[in-house]
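Here the structure comes first, spelled out in structure tokens, and everything after it is commentary.
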Amino acid sequence: MGRIIKLGFVFTLMLTVSAAFCQTSLEYSIIPLPAKMKPMTGYFKLSKQTVVSASKPLAQDAQIFVDLLNEVNGLKLNVYDEPTKVNFIRLKHNPKLKADAYTLAVTRSNVEITGGDNGVFYALQSLLQLVSSDSLGNLRIPCVQINDESRFQWRGMHLDASRHFFSKEFVKKYIDYLAIYKMNTFHWHLTDDQGWRIEIKKYPKLTQVGSIRKGTLISHASTEIAVMDTANYGGFYTQDDVREIVAYAKARHITVVPEIEMPGHAVAAISSYPFLSCSGKQIDVEQTWGVFDDVYCTKDSVFEFIEDVLLEVMDLFPSTYIHVGGDECPKTAWKGCPTCQARIKEMGLKNEEELQSYFIHRIEKFLNSHHRKLIGWDEILQGGLSPNSAVMSWQGIDGGIAAAKKGNFVVMTPDSHCYLNHYQGDPTNEPLANGGYTPLEKVYSYEPIPAELLPAQQKFILGAQGNMWSEYIRTDAFFEYMLFPRMCALAEVVWSPKASKNFVNFRIRLNNHFDMFDKRNINYSRAVCEIKKNIYSDLATSKLYIELKQEYSSGDIYYWFEDENGKATPTQKYETRVLVDKSCTFHAISRNKEGVVMNKVSQKFMHTKSTGAKIKLSFPPSSKYSYNSPHTLADGISGSIPWNGKEWLGFLENPMEAVIDLGEVTEVSQVLVHTLNSEASWIYLAKKATVEVSENGVDFVKFGALNQEEIAKIGRMILIKNNPVKARYVKVYVESMGMIGKGLPGADHNAWLFISEIGVE
Ligand code: ACM
Ligand code: ZN
């Protein structure tokens with residue numbers, strides 16, 4: 001109770017300051033927010049004479065601090081292991097403290113730090129974030145008393161080095177970024193269908209062959225016509241590189257957890273050694289993104305290979321956990337493989353799901369016999385969970401809940417909140433990304449402990465992790481852009497007390513970090529400052545409006561419309577909501593006081609009789625893809641391709657049935673349903689679409705229908721036309737393809753049905 005009251009005081013103080021200075025820096029802008037912080041008056045002045053006093057075991061922590069201070073603030077301090085009398089930053093290790101805990105006391109004369117095993121290093125990160133300069137450019141640290149500790153023990157960030165390769169130098173930079181924000185686990189995704197990235201001495205072809213692909217998809221996997229870059233693409237880390245990175249991370253109190261994918265996502269390995277698959281056929285390293293049928297066979301020689309690989313991996317990585325993937329393993333090859341079928345019989349297994357479980361259990365025993373633990377994606381729950389395994393819950397939170405209820409440790413990384421390869425700003429303004437929509441505020445809102453867990457089960461949640469899948473992240477600069485500032489939000493989720501979370505306060509503290517990114521030449525997203533558009537139907541009039549908001553930037557907003565021939569209306573200053581009553585492209589910009597354009601936003605509208613109309617869904621869409629449901633279907637916006645989580649509703653279990661009220665009896669002659677065909681994302685064309693109409697909303701008559709063959713012919717824009725009829729209500733029913741057929745991405749799973757708009761004319 002006491003702690004909560006104190007934090008409340010700190011917030012009040014900070015918010016008062018922020019109201020006065022809005023965009024200027026705040027002095028106490030530590031991210032993640034410390035558990036207890038008491039700002040005090042006065043400053044400790046940093047100068048060349050300031051000495052960092054650290055005993056030998058803390059010399060490395062001290063040196064990293066000194067180097068960073070020099071890099072960012074241009075002041076080089078000396079480190080001594082002798083205590084000094086004045087003007088010092090003294091570091092002390094207290095093994096009795098919790099490993100991550102520390103106290104940091106800044107007074108006018110000195111800085112005193114006491115920390116557990118990692119705590120001194122974390123205190124120094126907090127200290128760095130407090131350094132600022134006065135009006136004369138002198139460095140200073142505001143006086144403060146901090147008592148801090150971590151909330152979760154797994155504070156993870158991931159890097160997919162397979163889809164795109166990131167150099168050793170960049171990996172080290174990434175580790176630096178993790179360290180600033182007290183993240184302590186680096187999950188390194190080293191193998192996948194598109195490239196094997198770690199040297200294995202016993203199997204040299206893994207890197208000679210498996211690290212190189214003969215081309216790369218450069219369009220989005222969901223676009224109908226694939227655009228390929230035909231250049232060879234490759235890269236891998238030597239064992240010396242790995243050792244260097246593991247040591248570099250260790251010095252920054254970060255554990256590196258390697259991921260060696262199995263039994264699926266194994267194409268790069270199979271292309272190097274074809275005996276690893278069921279068919280034994282020579283195949284190429286994959287050049288596109290998705291899920292592929294060639295997986296490891298379950299014959300003994302494959303287990304021998306994997307165990308050999310893991311022996312070398314364990315030699316390089318001292319982590320307790322070894323990640324074995326386990327996700328997205330199609331069972332097609334196993335179903336047709338005599339060896340795998342014989343394995344099912346021999347082991348008394350029910351089906352291929354249990355064969356996956358057998359695979360994981362067998363590897364787990366091997367890891368355990370070498371005193372390591374297995375961690376895998378939530379599919380390792382299929383066919384029974386290994387008792388000693390930890391689960392990384394990515395397909396939402398259900399896997400994590402099930403695992404914690406069974407007493408297995410869990411790392412939460414639901415794609416809804418923790419996949420930082422999703423869009424973070426309005427997708428119409430953003431560079432090409434994977435899809436999805438995970439803005440900063442959504443990441444910040446994440447709570448790793450599911451409400452469904454009883455207190456005794458909650459302790460199995462080790463923490464959470466942000467994932468950086470790199471299909472669309474081709475450069476270091478774009479990696480940074482997708483990472484920042486969302487990792488800052490996640491850092492606060494996993495470090496700071498739950499009760500202290502406050503997005504408005506976090507957003508203010510972030511301003512200092514934007515300054516730091518600028519100073520360090522880090523490329524970051526300013527999506528949080530963009531002009532936010534809210535497109536909604538006024539339910540009283542069934543008219544569509546666009547409303548603009550600029551929460552974190554100042555300046556006036558101006559807007560204009562462009563018609564379908566490119567002719568623009570005069571520019572007007574935005575005051576209040578704007579009516580959208582015809583097909584057009586809406587543009588808005590904000591200008592600062594000097595007239596410089598700060599932000600831009602655009603939106604294309606296709607206006608029909610149903611735009612802005614009242615709409616009711618008989619069955620809800622999946623909670624994953626339900627943004628602004630059901631109005632998304634009548635907001636005049638035809639979902640963009642590649643798809644994103646803002647403009648599309650996704651249906652998995654349910655069909656889509658919508659009743660649209662046009663407000664009055666009118667003539668209806670056609671209905672256009674905007675669906676999506678994005679097989680790599682398991683989104684397929686519909687199986688069936690019907691339209692019925694009614695004058696009174698009770699008695700409906702058939703207007704038209706299309707079957708699967710007809711839909712396949714016309715494609716994703718399903719147009720149902722008929723002779724004009726009088727109607728006020730239009731009922732549209734669309735059914736998904738159902739089970740995905742063999743040989744297609746997502747085979748044996750239900751297909752997704754995605755719909756962005758229903759236009760009635
Ligand atoms: C995953 O995103 N397939 C773990
Ligand atoms: Zn097989």
Side-chain angles (χ1 to χ4, degrees), residues 156 158-160 162-163 187-194 221 257 259-267 269-270 273-281 286 289-303 305-306 323-347 349 351-352 355-356 358-359 362 375-382 390-400 410-422 434-436 438 464-473 624 680-682 745-746 749:
H158 149 287
L159 180 150
D160 169 7
S162 173
R163 276 52 177 264
H187 171 174
W188 202 1
H189 186 80
L190 286 163
T191 74
D192 213 303
D193 301 307
Q194 298 80 3
V257 174
E259 181 181 352
I260 306 295
E261 269 270 19
M262 63 191 79
H265 288 293
V267 169
I270 293 167
Y273 295 97
F275 80 88
L276 295 169
S277 74
C278 290
S279 74
K281 275 197 204 126
E286 283 297 341
W289 324 127
V291 172
F292 304 94
D293 281 340
D294 280 299
V295 302
Y296 287 124
C297 182
T298 60
K299 56 195 167 202
D300 285 330
S301 55
V302 172
F303 285 103
F305 162 85
I306 292 176
H323 202 301
V324 300
D327 59 320
E328 300 179 316
C329 178
K331 309 296 185 290
T332 321
W334 291 352
K335 282 185 181 154
C337 170
T339 315
C340 289
Q341 291 306 311
R343 179 75 80 190
I344 289 177
K345 274 221 183 91
E346 172 203 344
M347 303 313 300
L349 307 172
N351 50 31
E352 288 74 21
L355 188 58
Q356 154 123 358
Y358 163 82
F359 199 114
R362 188 161 161 171
I375 186 164
W377 301 110
D378 53 43
E379 288 94 329
I380 66 169
L381 288 157
Q382 281 173 22
V391 169
M392 224 171 228
S393 187
W394 73 279
Q395 300 178 94
I397 60 171
D398 293 349
V410 176
V411 176
M412 299 303 285
T413 177
D415 52 355
S416 54
H417 293 75
C418 296
Y419 271 41
L420 307 189
N421 55 336
H422 291 174
N434 192 71
T438 310
Q465 177 174 295
N467 290 343
M468 298 292 293
W469 297 106
S470 63
E471 288 92 337
Y472 301 94
I473 304 182
K624 271 188 173 181
S681 307
W682 305 5
H749 289 79

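Atoms within a ligand are numbered from 1 in the order they appear, just like the ligands themselves.
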Whether F275 and Y273 hold their rings parallel, tilted or perpendicular, with breakpoints at 30° and 60°
perpendicular

Taking the six-membered ring for Trp, are [X] and [Y] closer than 6.0 Å centroid to centroid?
{"X": "F303", "Y": "F359", "value": "yes"}
{"X": "H323", "Y": "W377", "value": "yes"}
{"X": "H158", "Y": "W469", "value": "yes"}

What closest approach, in Å, do A390 and I380 show between heavy atoms, and which atom pair accounts for it?
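Shortest heavy-atom separation between A390 and I380 comes out as O-CD1, 3.6 Å.
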
List in chain and number order the residues that pass side chain to side chain contact (heavy atoms under 4.5 Å, CB included) with S470, two or more places apart in sequence or in another chain; answer none if no residue qualifies.
D160, R163, H164, F166, I473

Side chain to side chain contact (heavy atoms under 4.5 Å, CB included) against P745, all qualifying residues, sequence neighbours excluded:
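Applying side chain to side chain contact (heavy atoms under 4.5 Å, CB included) to P745 gives E679, W682, Y684.
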
At less than 3.5 Å, what protein N or O atoms come close to the N or O atoms of ligand 1? Include the distances to 0.1 Å.
residue  : atom  : partner : partner atom : Å
ligand 1 : 2 (O) : Y419    : OH           : 2.6
ligand 1 : 3 (N) : D327    : OD2          : 2.6
ligand 1 : 3 (N) : E328    : OE1          : 3.2

Any carboxylate oxygen within less than 4.0 angstrom of a Lys/Arg side-chain nitrogen, looking at D293 and K331?
no

Please tell me whether W394 and Q465 have a donor and an acceptor in their side chains that are separated by less than 3.5 angstrom.
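No, Q465 and W394 have no side-chain donor paired with an acceptor closer than 3.5 Å.
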
Report, as a single number, the protein N, O or S atoms less than 2.8 Å from the Zn ion (ligand 2).
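For the Zn ion (ligand 2), the figure is 4.
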
